[in-house]
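Keep in mind that this is a model prediction, so the values were computed, not measured.
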Amino acid sequence: MAATVEIPLAGGSADGQTVRVELDSNGRPPLTHHHLGGHGLAEAEIYELESTVGGDPGWLYRWRGPAV
């Protein structure tokens, strides 16, 4: 079973929520996360991985805009 981590979302409609993602073989999460809106892909938003200094888990996903 792959290791997972919970990463906070910053900005956009999901600000303050977290998402659980699988880590790759190097212990890193995916570079982007597509957060689905109330109408699925029609309202999806793109979040991009950022490192955080001294944070736990050490990453956050920052809002970059709609996925359309």
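When hydrophobic side chains of Ile, Leu, Val, Met, Phe, Trp and Tyr are connected at separations under 4.5 Å, Tyr61 ends up clustered with Val5, Ile7, Leu9, Val19, Val21, Leu23, Leu31, Tyr47, Leu49, Trp59, Trp63.
Applying the side-chain hydrogen bond (donor to acceptor under 3.5 Å, both in side chains) definition to pairs two or more places apart or across chains, those involving residues 6-24 are Thr4-Arg20, Glu6-Thr18, Glu6-Arg20, Ser13-Glu45. Among residues at least two apart or in separate chains, side-chain hydrogen bond (donor to acceptor under 3.5 Å, both in side chains) pairs with a member in residues 35-44 are His39-Glu43. Within the structure, salt bridge (charged side-chain N to carboxylate O under 4.0 Å, His left out) pairs that include any residue of residues 31-40 do not occur (at least two apart or interchain).
Atom-to-atom distance recorded for Ile46:CD1 and Glu48:CD is 9.0 Å, nearest 0.5 angstrom.
A search for side-chain hydrogen bond (donor to acceptor under 3.5 Å, both in side chains) contacts involving Arg62 returns Glu50, not counting sequence neighbours.
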